[in-house]
Structure formats: structure tokens, C-alpha cells
Amino acid sequence: MHKGLPPVRDGDELSQPLQPADVRAFWDNPQPSKRPSAAEPMDISELHALLTTIIHKKARKGAVAMEQYTQRFCETYELLESTDRAKLLQMLAYKFCTPKGAALEAASKYIKGATESSDAAQSAYLARTLRDSLTPQYTELFDQINRLPGGFAFLVHMRADILEFIRSNRDDTAMRAMSDVLMKKLETWIIGTLDLKRITWNSPAYTIEKLGQYESVHAVKSWLDVKRRLGSGRRCFGFFHRSVPMEPLVFVWVALTDSITGNVQSILRDREPKTLREEAHAKCAIFYSINSQPGLAGVDLGNFLIKRVVGVLRADLPNISTFCTLSPLPRFRAWLDHWLTPKALEDPPNDINIPVYALEQLVSRVPGASTWTAALKHIIDSHGWTSSQDTLDAMEPVIRTLGAHYLMNVKRGNSRCAYDPVANFHLRNGACLHRVNWRGNTSYNGLRQSLELMCNYNYVLDRIEDNNERYVRDGAIAVSGDDPYIAQAQASLKWKTRRPRLLSEFSYLMPDIMCLQEVYTKNWIDTYDMWFKREGYGSQMFQSVYKSHGVSISWKKSQFKPIDQLCLRMDQTASVCDETLKTDNIALIVVLQFIGSDNDSTSGLIISNTHLYWKPSGCYERLQQQILLQRGLKTMQDKYPEYPVISCGDYNTTPDDAGYDLLTKPRPVKLNEWQLDNLLPQSLHEDLSESEDGSDKETENQPLSYSEMASLGTSGETKDAQNKRRKLEQEEREAEAQLVRDTKRVNNLVATLQSESKPFKSCYATYADLDPTYRTEQWPGEPIYTNYSLWKGTLDYIFYAPENGLSVREVLSLPPEEQLKPGIPNDTFASDHVSLAVRFDLAE
């Protein structure tokens, strides 16, 4: 169990060169002999007597005798087995703690003296007596040991034993108290006694061996592994105590790179790090592992080490301008398991801003999962999910969002400090949270602790002091970089702080008609519906079946009254196509009549609001849903032929998609080859070759493709090869037949949409003419973006039918991109989509 020898007279003896006589003596007596000891094994009563002698200074022969007794205790401690050491430490913690009687007596005298006497000298004496009585008796033992050569290292190892005992006996308050006292002692004794040294492959073997022994973040596998970490393009620095100059108390590994690294395996497995010449051009120093001896846990040495190392690197390599860590999230998985309570699995919290499309994609990976939290729990508890690329793609936005929330918002108890110990360490040191890295540590330990997440803390030198002050005082976490996940996780983006800003935006715009998408039912009941009623609006909200959100249409009751409505569920597509994917998308159509026009059948509006299928590969499903929406609108138009039509929503369609052209261009619409390919029903024919755990079912002995077999000829084929060839031929014929069927279905849907509807106009179709900064070659008319979060682009539209006297007078300007970076929601904009607003003219 133990880590070294007891204190020795010469703390530097390990660094002394061997003399020829030493070598001869070793080979003359090759069998190792037992180390001579001045102490024979002692029972518990003898140890108690020895401790009493040391602590109460009962030795009558002065300092020399005290030193001998203390040396004997250390040697005896070294001879004990781990269980006997635990008993000895418990005896020390309980029998030699603060004497209760003496403390009470001293406290009573101090209180009496403070109330009855005004003598300052007497008060100081009583205060000192009280302080001494409250000091645990075992501190005298610690002081005596520290006076011995090598005693400091012995105490560090002793505290490691105490911490190991506490790990399995967390309720032992006496041992915890003794650990804290010893930690404070070590912290005091360290000041002014540490030397910073660079550790290289030429350092003593004993020192290099200690690097592997104390490395607790990324395990050292071999001497070759150590050599690579100490080679060119790498650095290692350590603090050494002067009494043990061969053994680092704390050390840090550094990689010199061209940019901020997000994956630790790229550092650990890099077989060609920078050469000495290339080091002169490196721009970043990445601190990827900081370790201290176990007995120094809680002693803040890493702070001083990083600052000293930054100074050394700046002097040696002035080309380096970025000093950043690549750090683990050691408690993230444990926090997530605790957060996924049975209640959260049934009703997911809505205070974490995860994009709806990401949640839907995650749920789609787990058949039968009713909520995204249930799907997440199922995946992280299963084996092999990291081998499925589709599952990884679905997990990334969710895990990165949760990881950023964990770092930014989860606090330790009732304090303002970050719950994660590594985060708290770097943030207290003045670092900025820079980036959350997906698959930053793909080792088993990385998966077990943090679902493979890592993060970067950036030490921006001119911000360190300010960051430290704001974190310690207010718990404010400084951020650098443009990671959208961190931006979305900032505390100001929680629903309780977003809500007033959303309502403020509503109050500023105060439109006659307002359409909202992805409205969570709970938020509708608690917030939106109440606000609309208070401000004189009437409303209709329509919720999805399996999702906890829906769409809404609201109108000023002073101007309109509802006279009809139609709710559409987009999964009811049997009349459109015989094969479809269930997506639970919806649309709401409301017919509004102007107040005071009861006898005028031409004075009203048909308003629709929709949220179509989100998946980028789901153009086929969106095409079906567009047909259903157009049919619903036509139903209302047939009933109210004079009413203009306005169609709003999140169409999840970019301006270069086929769906946009089919909605807006004159008939007949000619689609290009790329648009037609995207319309093929990819979602219905996803690759099903993966097993349940995500691994490929056929990873070995893959058969030759049909074209390869044809080039080789079939003569001399074995029966097995003939069967494989025939199977491939059959699969190719089936794929070709499926392509023909899919193409026919797409052509039928395109023809149906064009024949059953007239083209709309987009209110923002010429927006780039009004604001040239929004112009792009990809789609020259529409804005560059209406969504600016993890994905940036245009998905939202206000369409209208130009018939019946409706025309656009003006549109709401969109905010400049600089106000949206690195992503919305942010401190200014409370939604992840920007608001679109139009002022219409309606001919008499």
C-alpha cells in the first residue's frame, strides 16, 4: 500500500551517484536483505504510549530524544499492514484530537475574563490559551515529523492513507477533521519551498517512474508512452519540494499545437509530434493533464503551477499566444444519472434549451420511447451505442447541450461554485470556458465518466484577474470562443429569464395576428395564454399527439372574430401516398372575420400556421405534408372564396429545396436533378444493416460487388461464390425496381401539388434587395437565415396568395449577424428563430 521509505537523514541520497564499492557490494550479495529497523513490531498499547510521549513531549532528554522517538514512530508506521495503519490513524484521530475538557475550561475562562476584566494583556493570554486548547493534539506529531529530513514526504503519504480510509468510511468525521488539519499544515509548509523543473527523458529514472505512478487522468501504458509524452512538441513541468528533489509533488503535461485541440487521443497517440524546428511555429500550448500526489488532494498547487509554466513557455516560445486546457468532466455522467429521475423520464424539464429537431432525432433512435429523456437513458445504459454513427449523430447535440448546461449552470450545493471540480479549479484560476468537445476522450474511462465529453478552458492572460474576481464574488463564468452550445447554456437563456424577453418582444411588435411554432404546452398554459388574454387577444393552440409542443394562432379581438378552424395531423397521409413515415407534425388553419362585417362575406382572412418535418433527408415527407396543408387551405377557400390566404410557419425547407420552388414558382415547375434526388423517400429506406448494439453485422469476408465479379468472370466459381453473386444480382435488381417505384411516387406527388394548388408568394422573397448584406449566391432573394443556433439558415416563411387584393407594404428588418453571434437564444434574442413580421395592404 505504501509509497516510499520513512524519513532518512539525507533527503538527496537517491540522487547521489553510485560508488564502485556500492556496486561490488551489491553483486557480492545479490539476495535483497530485509531493511534494518530500529523498531520492532509494536502492539496498540505500545503505540499509544509512544504517541503520548511525542505529543505531550514527555521525553526528558530534549530535542534529540524527541527526534528519535518520532523517527521510531515513522519506522513502525512503515512496517504496518494497511489494516493496522487504519487502526493507528483512527486512534490518532480519536485519542489525540481536541481535548474537550480543556477546551471547555479555556472557553469559560475567556468568556469570564472578557466580561469582567479590561486588561488587554490578560485578554490576549486567555485568547491564546483558548486557541491552543482548540488545536488538536496530533498537530504536535505532524510538526515533529516535518522537522525530520524527508518528513514532509512522509506526511504527504500518510495523508494519502487517511484519504483512502475516508473513501470507504465517509461518515468518519474525526478522520475527515484530521485530514483537513494535515492538509492545512502541508499547505503552509509548502510555501516558499517549491522549485519548478522541466522533466525530460533525460531526467532521473526515479522521477520519470513517479510520473506514471501519479498520473490519474490519462494512464501511462509503457515507457514508450512516457517517452512520447516527454519528446519534441511536448513538455512536462513539475513542482519539487526541496526535501524530496526527485519526486514531483504536482506536474502538468503540455502539448504544443497549431490550434486548440478537442480530442485527447490525437495528443496521446500522435506518433509524429512537432519537431524542435516546428515548435518555434506552434501557436497553442494545451495543458491536457494536471496531477498531484494523492496526499496533496485539496492543496491548491495547480494554480501556481499553471501560472509559472505559462511564464516559462512565453519566455522560451514567444510564438505561443494561446494557453488552453483539454480537461475532463469527471462527474458529468454521475450528475446525468441523478438528473434523469423517473419524473424527468416521463415529463422532461424544459429549462434546458435543446433544439426540437435534436430531441426528435434522438427519440427516433429508440423505438417505443415516449420522451427524449427516456430515449437518452436507454441509449447511455446500453452497450455498443458508440459504434453506431447514426446514434452518435443523434446523441451529439443533446449531450453537448447537457454538458454545457452542466458546466455553466449546475452548482455545488447552495454555493455559486461550479459543481464539476475540474471546472471549479480552472474558473477559480481565472480561465474562460471555451468549448465543449464531443468525443473528446473515447477511452473507456472517458465514456464511463463523461460520455466521452471533454472541454477547453482558455487562459486569456489579460482577463485572468477579472475573471477570477467575478467568479469568486458572483459565481460568474467567463466565456471565450463561439461555441453555440455554451452560448445556449448561459444562465440568461433559461426559460425563467427568456420568458420576460419574449413577452417584451411581443409587446414591442403587438401585431394584429401572431403565429407561434414549437410552443410547449406547459409554457402556453403558464405564460402565453395568460399574456394574450391580458392584452386583448383571442387564441387557438393545437398540440401534437406525442410531442409536448404545438402551434398557435392569436388575433386581436378588437379587430377579428374566429368563425371557422381546421386542425391537420400530417400523419394522416393515406389519401396522398400509400407509404409514409410517422412524424407527428401538425398545422392549424383559422378563419378570421373583421369586426363589424357580419353581413360582408368578403371581409376576412384565412390564416394557417404549421411546423413541418425537421429532418434534412425528409423532403419526401415534407412534400406530402405540403399537399395536405394545401388541401386544408383549399377546403377553407371553397367555403370562403373571397377571403385572402396567409400561410405562416416553420417549413423546415431552405429556399433551394424542391418544396420551396413547388410552393412559389409558376406552374409547371421544372425541378433540377439535385432537387429530384432529395425528394426520393430516403427516410423510408434507411440502412438497416446495423445490429441492435450499432455494430455492423458483416464486418469480415465481405463478398465482391457484382461489377467486380463480372470483371473476373464466373468460371471456376465455388458454389458459395455463385450464391453470393446471385444474391448481389438480386439485390441490385430490387434496388433498381425500388428506385423506379420511388421516382414514380415522387413524380405523382409533384404533379398532385401543382395541380391542386396555385403558387404562393413569399413576403421576404425580395428581402435581399432591401438589405444587400443578406444576399447569398445560394438563394439570392430570401434572407440568409431565420434560424441562427446550432444550424444557421432560412427555414421560416410568411407566404400569401396574391389573389383577393392582398399585397405587401413592408416587412420587419432582420437583425445584423453580429447581434446573433455565436447563436440565439442570447442575452438579446429569446428565441432560436428570428421574428418575421409583415404589414399587408388589403384592397377594398
Side-chain angles (χ1 to χ4, degrees), residues 513 515 517 540 542 551-553 555 560 562-578 580 583 585-594 600-613 619-653 657-669 671 679 745-763 765 796-808 838 840 842-843:
I513 302 170
C515 297
Q517 303 87 37
Q540 179 64 46
F542 180 43
V551 298
S552 70
I553 299 176
W555 57 88
F560 302 99
I563 60 173
D564 207 346
Q565 72 176 41
L566 179 63
C567 299
L568 298 175
R569 298 201 181 277
M570 299 302 192
D571 288 346
Q572 299 170 357
T573 57
S575 61
V576 178
C577 186
D578 59 349
T580 187
T583 66
N585 290 98
I586 56 176
L588 173 64
I589 303 174
V590 173
V591 181
L592 300 174
Q593 189 177 68
F594 287 103
D600 186 355
S601 62
T602 66
S603 188
L605 297 170
I606 300 173
I607 308 294
S608 75
N609 186 18
T610 189
H611 180 209
L612 300 186
Y613 185 43
C619 294
Y620 179 78
E621 285 72 30
R622 283 191 291 275
L623 181 57
Q624 296 178 62
Q625 293 169 2
Q626 287 179 11
I627 293 174
L628 284 176
L629 177 59
Q630 292 297 331
R631 288 179 177 177
L633 288 170
K634 189 173 187 307
T635 298
M636 290 304 187
Q637 285 179 295
D638 290 342
K639 295 174 67 174
Y640 309 95
E642 303 298 325
Y643 283 22
V645 174
I646 301 174
S647 183
C648 309
D650 181 352
Y651 279 75
N652 274 310
T653 300
D657 282 346
Y660 180 87
D661 286 355
L662 291 170
L663 282 173
T664 60
K665 287 189 174 181
R667 279 52 172 137
V669 179
L671 302 176
L679 282 176
R745 278 205 295 267
V746 168
N747 290 334
N748 288 338
L749 290 177
V750 169
T752 298
L753 181 58
Q754 296 194 71
S755 64
E756 295 184 3
S757 65
K758 296 179 180 180
F760 280 144
K761 284 190 175 181
S762 170
C763 296
D796 309 282
Y797 305 92
I798 301 177
F799 294 117
Y800 71 100
E803 299 85 9
N804 299 333
L806 197 64
S807 61
V808 175
V838 179
F840 286 102
L842 183 60

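This is a predicted model, so every value here is computed, not measured.
Between Leu842 atom CG and Ser603 atom OG the span is 7.5 Å, to the nearest 0.5 Å. To the nearest 0.5 Å, the span separating CG on Leu605 from CD1 on Ile513 amounts to 5.0 Å. Rounding to the nearest 0.5 angstrom, the gap separating the SG atom in Cys763 from the CD1 atom in Ile798 is 5.5 Å. In this structure, the separation between CD on Gln637 and NZ on Lys758 is 8.0 Å, given to the nearest 0.5 Å. Atoms CG and CG, from Asn585 and Leu629 in turn, are 11.5 Å apart once rounded to the nearest 0.5 Å. Between the SG atom in Cys619 and the CG atom in Leu612 there is a gap of 11.0 Å [rounded to 0.5 Å].
In terms of modelled atom types and a separation under 3.5 Å, the side chain of Asn609 and the main chain of Leu588 share no donor-acceptor contact. For Thr610 (side chain) and Ile586 (main-chain N/O), a donor-acceptor pair under 3.5 Å exists by modelled atom type.
Side-chain contact between Gln630 and Leu663 is present, with heavy atoms from C-beta onward closer than 4.5 Å. The closest side-chain heavy-atom distance from Leu679 to Leu749 is not below 4.5 Å. Contact check for Tyr640 versus Ile563: side-chain heavy atoms found under the 4.5 Å cut-off. When side chains are defined from C-beta on, Gln565 does not count as touching Phe542, because their heavy atoms never get closer than 4.5 Å. Side-chain contact check for Asp564 versus Ile606: every heavy-atom pair is 4.5 Å or farther apart.
In this model, a donor atom of one side chain and an acceptor atom of the other lie less than 3.5 Å apart for Gln593 and Tyr643. A donor and an acceptor atom, one from each side chain of Asp796 and Tyr651, are nowhere located under 3.5 Å apart. Ser552 and Gln517 share no side-chain donor-acceptor pair at under 3.5 Å. No donor-acceptor contact under 3.5 angstrom links the side chains of Thr664 and Ser762, judged on distance only.
Just one of Arg622, Arg569, Gln625, Gln624 meets the side chain to side chain donor-acceptor pair (under 3.5 Å) condition when paired with Thr583; it is Gln625.
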**Asked** Are Val750 and Leu623 close enough, and set up right, to give a side-chain contact (heavy atoms from CB on, under 4.5 Å), and what steps lead you there?
**Response** CA-CA 8 Å; Val750 169; Leu623 181 57; 4.1 Å; yes
**Message:** Using the rule given for ring-ring contact (aromatic ring centres under 6.0 Å, His included), can you reason through Tyr800 versus Phe840, listing the C-alpha separation, both sets of side-chain angles and the distance that settles it, and then say yes or no?
**Reply:** CA-CA 10 Å; Tyr800 71 100; Phe840 286 102; 5.6 Å; yes
**Request:** Go through Ser608 and Ile646 one step at a time and tell me if the side-chain contact (heavy atoms from CB on, under 4.5 Å) criterion holds.
**Result:** CA-CA 6 Å; Ser608 75; Ile646 301 174; over 6 Å; no
**Request:** Using the side-chain contact (heavy atoms from CB on, under 4.5 Å) rule, take Thr653 and Gln626 through it: C-alpha gap first, then chi angles, then the decisive distance, then the call.
**Result:** CA-CA 11 Å; Thr653 300; Gln626 287 179 11; 4.1 Å; yes
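Aromatic ring centroids of Tyr660 and Tyr797 lie under 6.0 Å apart. Aromatic pair Phe594/Phe560: ring centres closer than 6.0 Å.
Nearest heavy-atom pair, Ala587 versus Met570, reported as atom, atom and distance to 0.1 Å: CB-CE, 3.5 Å. What you find for Gly632 and Ile589 is that their closest heavy atoms are C-CD1, 3.5 Å. Across every non-hydrogen atom of Leu592 and Pro562, the tightest pair is CD2-CA, 3.9 Å. The shortest heavy-atom contact between Pro759 and Pro802 is O-CD, 4.1 Å. Nearest heavy atom pair, residue Pro644 against residue Leu806, reads CB-CD2, 3.9 Å. Residues Ile553 and Cys515 approach most closely at CG1-SG, 4.1 Å, considering heavy atoms.
With sequence neighbours left out, the side chain to side chain donor-acceptor pair (under 3.5 Å) criterion links Asp657 to Thr654. Take Ser757 and apply the side chain to side chain donor-acceptor pair (under 3.5 Å) test, not counting sequence neighbours, and it matches Arg667.
Salt-bridge annotation for Glu756 and Arg631: present, with a side-chain N of the basic residue lying under 4.0 Å from a carboxylate O of the acidic one.
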